[in-house]
Structure formats: C-alpha cells, structure tokens
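Read the numbers this way: they start at 1 and go in the same order the structure lists the ligands and their atoms.
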Amino acid sequence: MIAKVSEVTHQQVTRIEGSLMAQGMRFGLVCSRFNEFITSSLLQGAKDALSRLGVANSEILEVMVPGALEIPQAARALARTGYCDAIIALGAVIRGDTAHFDVVVNQSASGLSAVEAEYAIVVTNAILTTDTIEQAIDRSGAKAGNKGYEAAMVAVEMVDLFRKIRSYGKGD
Ligand code: INI
C-alpha cells in the first residue's frame with residue numbers, strides 16, 4: 001500500500017548561516033586616502049560595526065594606502081601574514097574625478113577577488129564606485145547607510161559561516 005503523504009517523515013535539511021559572533025576574530029582594514037573625506041567615514045563605520053560586535057581594537061590592524069589601486073596590493077601583503085580572518089577594503093572612486101575611473105574600479109575589484117581566492121580569506125569590498133560626490137556621501141553615512149559599516153558586518157558573518165562550513169570537513 002502506498003503511504004499517505006502525511007505519514008512520511010523527512011529529515012530536515014541542515015541550514016548553515018553565519019552569525020554576528022565576532023569572538024576570536026582578527027580583522028585588517030585597508031583604507032585609501034584618495035577622497036579621504038569619504039573614506040574616513042567608511043573607516044569609522046567599519047570600526048563602529050566591529051566595536052558594536054565586541055571586537056577589541058587590539059584585534060584590528062588599520063592599513064592606509066594612497067588610492068584604491070593600492071588596496072589589493074596591501075590586502076595581499078596582509079593576507080600573506082596570516083594575521084587576520086578577514087580583510088575589509090575601504091575606498092572611494094568617483095567618476096567625476098578621474099579619466100581612468102574604469103581602470104581603478106576594475107583593477108581594485110578584481111585584485112581583491114584574486115586575494116580572496118588565493119588566500120581563502122574573507123575579503124569584503126566597500127570601495128565605493130560612484131558617478132558623483134553626492135552619491136559617495138550618501139553611501140558613506142548619509143542617505144544610503146554606511147558601506148564601511150555594512151562591509152564589516154558582512155565580514156564577521158562570513159568568517160563565522162566559513163568556520164561552520166569547515167566543521168563539516170573531514171579535517172584534511
Ligand atoms: N584613487 C581612488 O581611490 N579614487 C579615485 O577616484 C581615484 N581617481 O580619481 O583617480 C584614484 N586614483 C589613484 C589610484 O588609485 C592610484 O593611487 C594611482 O593611480 C597610483 O597608482
């Protein structure tokens with residue numbers, strides 16, 4: 001006889017999700033000085049988020065670089081040290097300012113992805129790419145939130161998620 005659907009029991013699918021528990025995590029903040037009036041707010045936002053989540057200043061390394069193009073270079077050097085669980089990239093590329101906007105945007109993003117892939121480390125990207133200064137202001141703490149704050153929150157969640165996923169591995 002075919003069982004009625006109501007009689008069939010299914011094991012629940014296991015869902016894994018990162019939480020915002022930042023205990024035992026260390027972070028690298030890599031921030032560019034170009035458009036510093038924007039990037040300083042992103043940096044402050046990232047530090048505020050980590051502080052809210054209980055991360056002590058002693059667990060944070062803040063690395064300053066000239067421009068967004070240098071962010072992946074410093075991120076790579078930092079990843080190589082093995083010091084941190086996550087790197088948070090903070091910068092501002094504004095189209096109005098630069099003829100090589102596309103170069104800076106593409107190289108900074110692809111450079112960060114390469115670091116993430118090569119070192120299997122969490123890298124979150126709060127390098128703003130905007131058409132105008134107003135848009136950059138909006139995304140660094142005005143109308144559209146603070147992308148530095150968000151990137152730090154995402155970094156904590158992803159480190160925790162990777163730890164949980166790793167716990168399903170075979171230990172090799
Ligand atoms: N760097 C930025 O972070 N934002 C910009 O908007 C920008 N503009 O406008 O050119 C910029 N340029 C500098 C670049 O990141 C490098 O520092 C420079 O090319 C030296 O390598």
Colleague: Between L69 and ligand 1, does any nitrogen or oxygen pair lie at a separation below 3.5 Å?
Modeller: yes

Colleague: Which ligand 1 atoms, with their elements, are less than 4.0 angstrom from a heavy-atom of I94?
Modeller: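 Numbered from 1, ligand 1 contributes 6 (O).
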
Colleague: Regarding R33 and E36, does a basic nitrogen lie under 4.0 Å from an acidic carboxylate oxygen?
Modeller: no

Colleague: Please, which pairs that meet side chain to side chain donor-acceptor pair (under 3.5 Å) have at least one residue in residues 14-23, sequence neighbours excluded?
Modeller: S19-D160

Colleague: Of all the heavy-atom pairs spanning C84 and L78, show the shortest one and how long it is.
Modeller: SG-CG, 4.0 Å

Colleague: Using a 4.0 Å cut-off to any heavy atom of H100, which atoms of ligand 1 qualify?
Modeller: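 It comes down to these atoms of ligand 1: 10 (O), 19 (O).
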
Colleague: Any idea which part of N35 is under 4.0 Å from ligand 1, heavy-atom wise: side chain, backbone, both or neither?
Modeller: side chain

Colleague: Backbone, side chain, both or neither: what part of S108 comes under 4.0 angstrom of ligand 1, heavy atoms only?
Modeller: neither

Colleague: Do the side chains of D85 and R26 get close enough for a salt bridge, i.e. N-O under 4.0 angstrom?
Modeller: no

Colleague: Heavy-atom contacts with A92 under 4.0 Å: which atoms of ligand 1 show up? List them by number with element.
Modeller: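 Ligand 1 atoms under the 4.0 Å threshold to A92: 2 (C), 3 (O), 4 (N), 5 (C), 6 (O).
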
Colleague: Strictly by salt bridge (charged side-chain N to carboxylate O under 4.0 Å, His left out), give each pair with a member in residues 61-75 just once, sequence neighbours left out.
Modeller: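 Non-adjacent pairs meeting salt bridge (charged side-chain N to carboxylate O under 4.0 Å, His left out): K47-E62.
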
